[in-house]
Number of protein chains: 2
Amino acid sequence: MKKMTIDQVATAAGVSKSTVSRYLNGNFQKMSDSTRERIQATIRDLNYHPNRQAQTLKTKKTGLIGVVVADMANLYSAKMISGAGKVARVHQYQLLIMDSNNSFEQEHESLRQLQDQSLEGLIIQPMSRKSTDYQEIIGELPTVFVDRVTDSNQWPFVGVDNYEATRHLGSLIAKRGYQRILIISEPIDVSQARFDRVRGVKEIARRNKIQCELLEITESVPPEIRHEIKQKIGTLTQNQEPAVIFASNSRLLMQVMQLINDLQLRIPADIGLCGFDDWHWTALTNPPIASIEQDAVGVGQAAMTTVINQLERPDQVVKDQIIASTLNVRASI
Amino acid sequence: MKKMTIDQVATAAGVSKSTVSRYLNGNFQKMSDSTRERIQATIRDLNYHPNRQAQTLKTKKTGLIGVVVADMANLYSAKMISGAGKVARVHQYQLLIMDSNNSFEQEHESLRQLQDQSLEGLIIQPMSRKSTDYQEIIGELPTVFVDRVTDSNQWPFVGVDNYEATRHLGSLIAKRGYQRILIISEPIDVSQARFDRVRGVKEIARRNKIQCELLEITESVPPEIRHEIKQKIGTLTQNQEPAVIFASNSRLLMQVMQLINDLQLRIPADIGLCGFDDWHWTALTNPPIASIEQDAVGVGQAAMTTVINQLERPDQVVKDQIIASTLNVRASI
DNA sequence: TTGTAAGCGTTATCAC
DNA sequence: GTGATAACGCTTACAA
């Protein structure tokens with residue numbers, strides 16, 4: 001399959017390359033049916049495909065939208081991409097995907113690489129909440145931030161309202177009569193989302209005079225040796241007051257559940273359990289675990305729609321979009 | 001941030017664009033230190049980034065590798081991409097990702113779109129097992145098939161040995177003394193992987209004179225109304241002989257488990273359960289479920305390594321790679 | 001209705 | 001050491 005050029009098609013069809021180009025771009029208005037058919041046939045025969053790079057060089061339209069996710073191997077990121085991809089497909093854009101691997105340095109490196117790909121738009125699940133980390137590198141590029149807000153509203157945001165969602169969950173906890181809450185989260189200072197999840201629960205706890213404690217866990221500690229959590233859980237259950245654990249993401253929820261099982265504690269008799277993120281396995285445990293389900297696919301769709309809108313109607317004002325999350329009430333609480 | 005060109009840099013630095021180009025491509029051999037530093041400074045000051053499309057037009061190197069996955073929202077695909085991305089990153093390639101959404105038509109469409117992006121390589125988790133479906137569209141492009149084999153060995157394959165893995169699982173079933181096996185799978189005729197998973201269990205069943213039945217489920221039927229499965233399970237447990245269910249992927253395993261819970265059956269007392277794919281929630285149920293864990297990240301890494309090898313050493317013979325899978329033995333069986 | 005020619009931003013082959 | 005200059009494959013006025 002040799003690389004065909006527009007010139008070869010032109011020669012083969014006995015026309016000039018301008019005519020072929022017109023054909024390619026659908027400018028049939030003034031073109032005789034005969035030449036059009038001839039060109040069509042030649043293109044098919046020669047299996048010709050226009051060279052995108054050459055086209056782009058002229059038109060400045062790459063049709064490429066960058067997507068930078070925090071962690072590709074995480075279902076949230078994957079589903080978000082899936083949603084974004086569905087929308088991109090119908091608008092004929094392609095996704096250039098970069099994985100930050102939960103590292104700020106890798107994210108920066110990804111953005112630098114994307115920078116000279118002449119993207120037309122960008123969707124990013126940012127590692128930093130500081131907008132200054134993105135200002136120069138993003139520049140004028142139509143961009144949407146997903147999942148995690150930054151300290152500025154110069155770019156539209158699409159994601160769930162973590163504060164609202166966890167307040168909702170907090171109310172359920174209060175209604176169930178729990179007296180103590182242990183929140184287990186990854187470090188909250190680097191992510192507004194984590195911070196808000198904690199804040200929502202704490203707020204309701206405060207109002208209801210429920211004792212509430214936060215345990216921050218760094219990712220790097222292997223799950224097996226999470227003594228701190230075990231100890232906390234121990235203390236919690238020694239007390240007479242009913243206690244509940246809230247794990248602020250899916251991975252932590254898994255780990256906590258494992259520890260509770262190891263400790264042979266019964267849920268919710270000995271301790272209640274609930275979490276954030278719900279990839280449906282939570283419905284299958286015994287008992288099923290109450291948790292907040294995010295519509296990651298919906299987030300991706302909304303984000304991509306927003307980017308493409310910016311592209312097609314640059315004058316239109318864009319605004320943040322909050323995608324509803326669902327509290328799946330289950331027997332663990 | 002205006003778009004800078006090599007010409008502007010040249011003028012600003014007081015040299016010709018040839019010299020700037022040499023600088024960009026690291027040809028410092030014959031370049032005075034002074035001009036090199038001058039160019040370096042100007043590039044920094046002007047925040048210049050070379051235009052990839054123009055470079056590509058000359059050099060024919062896009063640095064783009066296409067990845068076509070069956071379903072982005074599926075953890076296998078996501079992890080595979082994650083692995084592929086890690087390898088691509090160190091070799092300075094970028095991923096152009098397409099999602100087939102489990103549809104052969106969409107896959108074909110994706111491949112057509114990728115075709116004129118001048119990819120340098122391709123990784124595909126194919127929807128079809130017929131190599132003729134890919135021959136013309138892939139052409140000479142260095143390609144690796146992952147997860148699912150085709151009926152030809154013209155392209156290297158990377159994935160697990162489904163037959164071997166399920167034989168292994170079959171042996172465990174036999175050792176546990178089960179007399180009846182119900183295999184639940186999506187239609188096996190379209191995917192060699194599905195076929196092999198069923199074949200492995202059946203083979204061991206045959207050898208051990210265990211009665212074995214296959215139930216094929218099409219994806220489109222909503223999980224709630226899976227009467228057929230419920231009925232089968234009912235029949236299975238009415239019988240005195242110990243029976244076990246093997247669900248041939250993660251989604252089916254979830255659904256089956258839900259049905260078993262709905263039917264109030266005890267695992268493994270009333271019925272055994274095991275599955276294929278293991279995203280770790282299987283360890284958290286009560287009882288934990290035995291299942292086969294695939295190293296999807298490893299598959300992606302191996303696939304990308306193979307593609308890049310083909311690119312850098314075209315003469316080298318490439319061969320299939322089987323990535324080991326793990327049988328997680330747990331109490332459900 | 002179609003062709004000519006300039007130009008998009010690079011790289012690479014020559015000269016000097 | 002450095003600078004003209006001709007490609008690369010396409011689009012798009014402007015001519016015809």
Side-chain angles (χ1 to χ4, degrees), chain A residues 1-43 46-64 92 113 115-120, chain B residues 1-43 46-64 92 113 115-120:
Chain A
M1 191 166 79
K2 302 274 134 296
K3 272 287 160 199
M4 286 294 150
T5 78
I6 200 174
D7 266 309
Q8 311 187 40
V9 176
T11 319
V15 294
S16 79
K17 54 183 192 166
S18 342
T19 311
V20 179
S21 177
R22 283 188 201 102
Y23 172 88
L24 290 175
N25 294 285
N27 298 332
F28 306 128
Q29 313 93 347
K30 13 178 112 179
M31 188 183 304
S32 70
D33 288 359
S34 70
T35 56
R36 193 190 38 186
E37 281 154 20
R38 201 139 30 87
I39 294 176
Q40 185 174 37
T42 334
I43 286 183
L46 272 59
N47 187 28
Y48 164 73
H49 290 267
N51 177 317
R52 281 287 277 245
Q53 278 71 33
Q55 287 180 309
T56 296
L57 191 55
K58 270 310 272 186
T59 61
K60 313 283 177 221
K61 309 211 83 249
T62 55
L64 250 32
Q92 304 259 57
Q113 295 207 29
Q115 203 171 176
D116 35 52
Q117 287 283 3
S118 321
L119 298 181
E120 294 191 42
Chain B
M1 194 166 78
K2 301 274 135 293
K3 272 289 159 199
M4 287 295 153
T5 77
I6 200 173
D7 265 308
Q8 312 188 39
V9 175
T11 319
V15 293
S16 79
K17 55 182 190 166
S18 327
T19 311
V20 179
S21 177
R22 283 189 199 100
Y23 173 88
L24 290 174
N25 294 285
N27 298 332
F28 306 127
Q29 313 92 346
K30 16 177 107 179
M31 187 182 307
S32 68
D33 288 359
S34 70
T35 55
R36 194 190 39 190
E37 280 153 20
R38 201 141 30 87
I39 293 175
Q40 186 174 35
T42 345
I43 286 182
L46 297 175
N47 187 27
Y48 164 74
H49 290 268
N51 178 316
R52 282 286 278 246
Q53 277 71 35
Q55 288 180 309
T56 297
L57 190 54
K58 271 311 275 190
T59 63
K60 312 284 174 221
K61 309 210 84 247
T62 55
L64 252 30
Q92 305 258 56
Q113 295 207 29
Q115 204 172 175
D116 36 51
Q117 286 284 3
S118 322
L119 299 182
E120 295 192 42

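Keep in mind that this is a model prediction, so the values were computed, not measured. Only heavy atoms go into these numbers, but all of them, side chains included; no hydrogens, no water, no symmetry mates. Labels below follow one simple rule: chain letters A, B, ... track the order of the sequence lines, proteins then strands, and each chain is numbered from 1.
For the pair B:Lys30 NZ and C:dA12 P, the computed distance is 15 Å after rounding to whole Å. Atom C1' of nucleotide C:dT10 and atom CD1 of B:Ile6 are separated by 6 Å, given to the nearest angstrom. Atom C1' of nucleotide C:dT2 and atom CG of A:Asn25 are separated by 16 Å, given to the nearest angstrom. What separates CZ of B:Arg52 from C1' of C:dG9 is a distance of 14 Å, to the nearest Å. Atom CZ of A:Arg38 is separated from atom C1' of C:dT1 by 12 Å (rounded to the nearest Å). One can place CG of B:Asn27 at 10 Å from C1' of C:dA12, the figure rounded to the nearest angstrom.
In summary, contact between chain A and DNA chain D, defined as any nucleotide atom under 4.0 Å from a heavy atom of the protein, begins and ends at D:dG9 to D:dA13 in the 5' to 3' direction.
A distance-only check finds no donor-acceptor pair linking the side chain of A:Ser21 to the backbone of A:Lys17 [under 3.5 Å]. Formation of a donor-acceptor pair under 3.5 Å by the B:Thr59 side chain with backbone atoms of B:Gln55 is found in this model.
A side-chain contact (heavy atoms from CB on, under 4.5 Å) with B:Gln117 is found for exactly one of A:Thr62, A:Asn51, A:Leu64, namely A:Leu64. Remark: of the listed residues B:Thr42, B:Ile43, B:Leu46, B:Leu46 is the sole one forming a side-chain contact (heavy atoms from CB on, under 4.5 Å) with B:Met4.
At the phosphate of C:dG9, neither OP1 nor OP2 sits under 4.0 Å from any side-chain N or O atom of B:Thr5. In this structure, B:Asn51 does not reach the C:dC8 phosphate: none of its side-chain N or O atoms is under 4.0 Å from OP1 or OP2.
Between A:Leu24 and B:Gln29, the residue anchored closer to the 5' end of DNA chain D is B:Gln29, taking for each the nucleotide with the nearest heavy atom. Each of B:Ser18 and A:Gln53 was matched to the nucleotide of DNA chain D holding its nearest heavy atom; the match closer to the 5' end belongs to B:Ser18.
Here the side chains of B:Leu24 and B:Ile6 are in contact, with some heavy-atom distance below 4.5 Å.
At least one cation-pi condition fails for A:Arg36 and A:Tyr23: the charged atom is not both under 6.0 angstrom from the six-membered ring centre and inside a 45 degree cone around its axis.
Side-chain proximity of A:Lys17 to C:dA5, C:dT10, C:dG9: nearest is C:dA5. With C:dG9, C:dT2, C:dA5 as the choices, the nucleotide that has an atom nearest any side-chain atom of A:Arg22 turns out to be C:dT2.
When heavy atoms are screened at a 4.0 angstrom cut-off, B:Tyr48 is found touching the sugar-phosphate backbone but no base atom. Among the protein residues, B:Thr35 comes within range of the sugar-phosphate backbone only, with heavy atoms under 4.0 Å from sugar or phosphate atoms but none that close to a base.
Side chains of B:Gln53 and A:Ser118: a donor-acceptor N/O pair is present below 3.5 angstrom, by distance only.
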